[in-house]
Amino acid sequence: MAAPMLRALRQRGWAVLKVGNCFSGGAPRREISFKLDERTSHSSLDLFKKDTGVIYRMVGIDPTKVPQNLERFRDWAVVLGDTAVSRGHHYWEVTVKRSQHFRIGVADLDISREGCIGVDDRSWVFAYAHRQWSAMFANETTPIINIGHPDRVGVLLDYDSKNLSLVDVSKLELIHTMPAEFRGPVVPAFALWDGELLTHSGLDVPEKLRGN
């Protein structure tokens, strides 16, 4: 599955080498700027605000009327970012106040489009459901306590150290860090079952977090 998927993504203009271009020569850049890729978006999801936000539609679009391609998630309400990361230290934020059930994190570029993020070993996410946060990997969950439901959270990706962290944006402090054994390029990943999420990228890694 992986090799055909990567070949298809390259043929369709995916930014498999985009990050490599950004990081060629000199010190790696510390910011990632991405939009949500409609080609990966499940038919129950609509993108808005120039493809930086995603909203869940309970009924959704008739799947037969959505352009079919190898990138699109077919069974789960998932959408991926359009920029891959293969090295460096990156930070973005997500406004989550209008959703009560979602997952945010990163996934392998060639993750299967048949599953959901967080249930396999190709994605690493922070999930919010039933008013509780948890870290998810391979369908195993680790509860995250004393966070509540903030309006906005940060995601800190340290690819080289193989860590993904959830960030308190009001204090610029790490809430929880999970190890992540990346095996290739990863992209921002989102799943949503009510309300909406809004992403904020192109941000520098906050000074307080650069040592983490």
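Owing to the predicted nature of the structure, the values given are computational and were not obtained by experimental measurement.
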Ring pair (Phe, Tyr, Trp, His ring centres under 6.0 Å) partners for Phe102, two or more places apart: Tyr128, Trp133
Which atom pair, heavy atoms only, marks the closest approach of Tyr91 to Leu172? OH-CD2, 4.1 Å
Where at least one partner belongs to residues 169-178, residue pairs that pass side chain to side chain donor-acceptor pair (under 3.5 Å), sequence neighbours excluded: Ser165-Thr177, Asp168-Ser170
Set of ring pair (Phe, Tyr, Trp, His ring centres under 6.0 Å) partners for Tyr159, sequence neighbours left out: Phe182
Short N-O contact, Arg122 and Asp120, less than 4.0 angstrom: no
Which side-chain N or O atoms in residues 143-154 pair as donor and acceptor under 3.5 Å with protein atoms at least two apart or in another chain?
unit_1	atom_1	unit_2	atom_2	d
His149	ND1	Gln100	NE2	3.4
His149	NE2	Val96	O	3.2
His149	NE2	Ser99	O	3.2
Arg152	NE	Glu93	OE1	2.7
Arg152	NH2	Glu93	OE1	2.9

Output every pair passing ring-ring contact (aromatic ring centres under 6.0 Å, His included) with a member in residues 187-210, not counting sequence neighbours, ordered by first then second residue. His101-Trp193
Sorted by chain and residue number, the side chain to side chain donor-acceptor pair (under 3.5 Å) partners of Glu114 (sequence neighbours excluded) come out as Arg74
Using 4.0 Å as the upper bound for N to carboxylate O, is an ion pair formed by Arg183 and Asp121? yes
Do Arg113 and Asp75 sit within salt-bridge range, that is, some charged N less than 4.0 Å from a carboxylate O? no
Going by the side chain to side chain contact (heavy atoms under 4.5 Å, CB included) test, name the single residue among Asp160, Leu157, Leu156 that passes it with His89. Leu156
Can you name the nearest heavy-atom pair linking Met178 to Ala135, along with the distance? SD-CB, 4.1 Å
Do Asp82 and Leu36 have side chains that approach each other closer than 4.5 Å (heavy atoms only, starting at C-beta)? no
Which heavy atom of Leu209 sits nearest to which heavy atom of Leu174, and what is that distance? CD2-CD2, 3.9 Å
Which pair of heavy atoms, one from Gly105 and one from Trp92, lies closest together, and at what distance? O-CZ2, 4.0 Å
Got more than 12 heavy atoms from elsewhere within 6.0 Å of NZ, Lys162? yes
